[in-house]
Number of protein chains: 2
Amino acid sequence: MTAGCNCRSVEWTENMIRTISPLRANFGRCTACAVRSLSICGALDETDLVEFERIARQVHLAPSEALFSAGQVASSVHNLTAGVARLYKLLPDGRRQVIGFALPGDFLGTMPSIRYSYSADAIKRVSACRFPVDAFKHFIEQRPHFLLRINEFASRELMLAQQQMLLLGRRTAEEKVAAFLVGWRARLAHIGDERQTVSLPMSRQDIADYLGLTIETVSRTLTRFEREKMLVIVSGGVRLLDCPRAEAMAAA
Amino acid sequence: MTAGCNCRSVEWTENMIRTISPLRANFGRCTACAVRSLSICGALDETDLVEFERIARQVHLAPSEALFSAGQVASSVHNLTAGVARLYKLLPDGRRQVIGFALPGDFLGTMPSIRYSYSADAIKRVSACRFPVDAFKHFIEQRPHFLLRINEFASRELMLAQQQMLLLGRRTAEEKVAAFLVGWRARLAHIGDERQTVSLPMSRQDIADYLGLTIETVSRTLTRFEREKMLVIVSGGVRLLDCPRAEAMAAA
DNA sequence: CGAGCACTTGATCGGGTTCAAGACCGGTGG
DNA sequence: CCACCGGTCTTGAACCCGATCAAGTGCTCG
């Protein structure tokens, strides 16, 4: 799942990346990529892959480092290969809405836009493939099959966003937290991390900002769930004891 | 703006539509379509258009009639040509979240999905082009240019959804209402309906369900805006007197 | 061992909801 | 032309869920 990254230098500046020769070898990397089948790249055959990875650059981020920020010129799209990222929007006065958490296999980049409409930064050490928009656009334009795949990803993303609107607009704090735990567990399962203990790499503040609540309400609600024997709070996550109940709260 | 619809029979039943012969001539309709340049069809040339309208069926709905409902098998995608529709999701207990309002030119249909994830029904008398998913999918697959256009529409939709998440999760009632008015005005302007009086065809309940508020709060907030001379409430809409102020409230 | 940060817990507050009338408005029939 | 009716919208009063304010706890790391 760590996408076989074996580069040695940890900190790359934007500048360094730009000046690297196209000849720098990372051939064979994509074919060994653990998340390929989960990502948009799953639609590419061996031939296309070779060309695709030629326009990619690896990016590595320590926790809290930014992949990109809202308002910047959107010069790249990204494909997460390892770690967890938080995607969020800020209001001028600092209020924050986390619009999603990105996991390995997730594609970040709404393409017709000139600037990033949200910010993304690492929660856990992140690795990602970075593609210059021009090269990326040129690449997909001659591959309808790939375009179709990207379309599917965008549609799924939109469906999740609509689901989240329902949650933000019409659910109680209790339902929000339960729905978050159930949904997050499903996403972890989807990438192969299916354990009884649900790992929560993001902070309480991140969860609160994702659910439109305060950190205190999230904390209190989790504590109450624990008192009610629905789960156990453990370091770095929760262990769900009564999934059916959680799913019922999250229902619809 | 009424998309050049000149049909005489006002009420169409689902059944009537289904039994119309494929030979029924609506050639030349697309080329005369007033919203074509605004819609996904704007990416099609004359040749493609002829073939495209061959797979389309016209649908006409009276207010409150359903275009499709959440949970139904998603057998069609739609392209709105006239009227206004509300898109919404329901919780089992009846709580409703309006996830958007569709205007002429809007494309409805998240395609890889087997069932509709939300419901859509008419607010004002709606006309739409209906495409069977199979034929539609087959059509777009050989037209990368068209696919790209659909992708752009989906991306824009996703951006709006993310904006709405910020609104639902982190804004006050006052900000929500102001942002709604400003945003709705911009959308009306985009389709050519740019007047000082913003028409609000949807009910207060629809607005409330869109903003994650109650009808009373929406009503009170509008009344207060009127007292504060920001706008005047008129039948079927509002007249914005102090746009800068409304935009400041909606800011970011 | 102590400083800093994330999280939890308690007490109080308030924005928005809920409950309950009342006003308005378009349509309908006398 | 106007009385009546049903639905939508507005307005008022009380309440409550989640926010805010304020400690307190516990964990990690130097």
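Throughout, a chain's letter reflects where its sequence line sits, starting with A, and its residues are numbered from 1. Basis for what follows: all heavy atoms, side chains included, without hydrogens, waters or symmetry-related copies. Remember, predicted model here, so these are calculated numbers, not experimental data.
- One interatomic measurement links the two molecules: CZ of B:Arg171 to P of C:dG16, which rounds to 13 Å at whole-angstrom precision.
- Taking the six-membered ring where the residue is Trp, the centroids of A:Phe68 and A:Tyr116 are separated by under 6.0 Å.
- Within 6.0 Å of atom CD in A:Gln72, more than 12 heavy atoms from other residues, nucleotides or ligands are found, so the atom counts as buried in its surroundings.
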May I have the list of side-chain donor-acceptor pairs in residues 226-235 of chain A shorter than 3.5 Å, sequence neighbours left out?
unit_1, atom_1, unit_2, atom_2, d
A:Glu226, OE2, A:Ile233, N, 3.0
A:Glu228, OE1, A:Arg245, NH2, 3.0
A:Glu228, OE2, A:Arg224, NE, 3.4

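- Rounding to the nearest 0.5 angstrom, the gap separating the CZ atom in A:Phe180 from the CG atom in A:Leu222 is 9.0 Å.
- In this structure, the CZ atom of B:Arg95 is 15 Å from the C1' atom of C:dT18, given to the nearest Å.
- Both A:Ser235 and A:Glu174 lie near DNA chain D, and the one whose nearest nucleotide falls closer to the 5' end is A:Glu174.
- Between B:Trp184 and B:Ile207, the closest side-chain pair of non-hydrogen atoms is not below 4.5 Å.
- Between B:Arg187 and B:Asp106 there is a salt bridge, since a side-chain N of the basic residue sits under 4.0 Å from a carboxylate O of the acidic one.
- Axis orientation changes by 30° from one end of the helix from C:dC1-D:dG30 to C:dG30-D:dC1 to the other, with each end axis drawn from 5 pairs and the value rounded to 10°.
- Ion pairing between A:Arg95 and B:Glu175 holds under the 4.0 Å rule for side-chain N and carboxylate O.
- In this structure, A:Tyr118 OH and A:Leu87 CG are separated by 5.5 Å, a value rounded to the nearest 0.5 Å.
- B:Val126 places a side-chain heavy atom less than 4.5 Å from the side chain of B:Leu80.
- With values rounded to the nearest 0.5 angstrom, B:Gln97 atom CD is found 6.0 Å from A:Leu166 atom CG.
- Going from atom CE of A:Met202 over to atom P of C:dC7 covers 11 Å, rounded to whole Å.
- Using a 4.0 Å cut-off between charged nitrogen and carboxylate oxygen, B:Glu65 and B:Arg125 do not count as a salt-bridge pair.
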Between the protein and nucleotides 10-15 of chain C, which nitrogen or oxygen pairs come in under 3.5 angstrom?
unit_1, atom_1, unit_2, atom_2, d
C:dG10, N7, A:Arg220, NH1, 2.8
C:dG10, O6, A:Arg220, NH2, 3.3
C:dA11, N6, A:Arg220, NH2, 3.4

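- Across all strands shown, B:Thr223 has heavy atoms under 4.0 Å from sugar-phosphate atoms exclusively, and none from any base.
- In this structure, B:Arg96 is positioned above the aromatic face of B:Tyr88, its NZ or CZ under 6.0 Å from the six-membered ring centre and within 45° of the axis.
- At the heavy-atom level, B:Thr217 lies under 4.0 Å from base atoms of the strands shown.
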For residues 156-165 of chain A, which side-chain N or O atoms pair as donor and acceptor with protein atoms under 3.5 Å away, sequence neighbours left out?
unit_1, atom_1, unit_2, atom_2, d
A:Gln163, OE1, B:Lys89, NZ, 3.0
A:Gln163, NE2, A:Ala252, O, 3.3
A:Gln164, NE2, A:Tyr210, O, 3.1

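- Against DNA chain D, the stretch residues 203-214 of chain B makes heavy-atom approaches under 4.0 Å through B:Ser203, B:Arg204.
- Interface limits on DNA chain D: the 5'-most and 3'-most nucleotides within less than 4.0 Å of chain B heavy atoms are D:dC9 to D:dA13.
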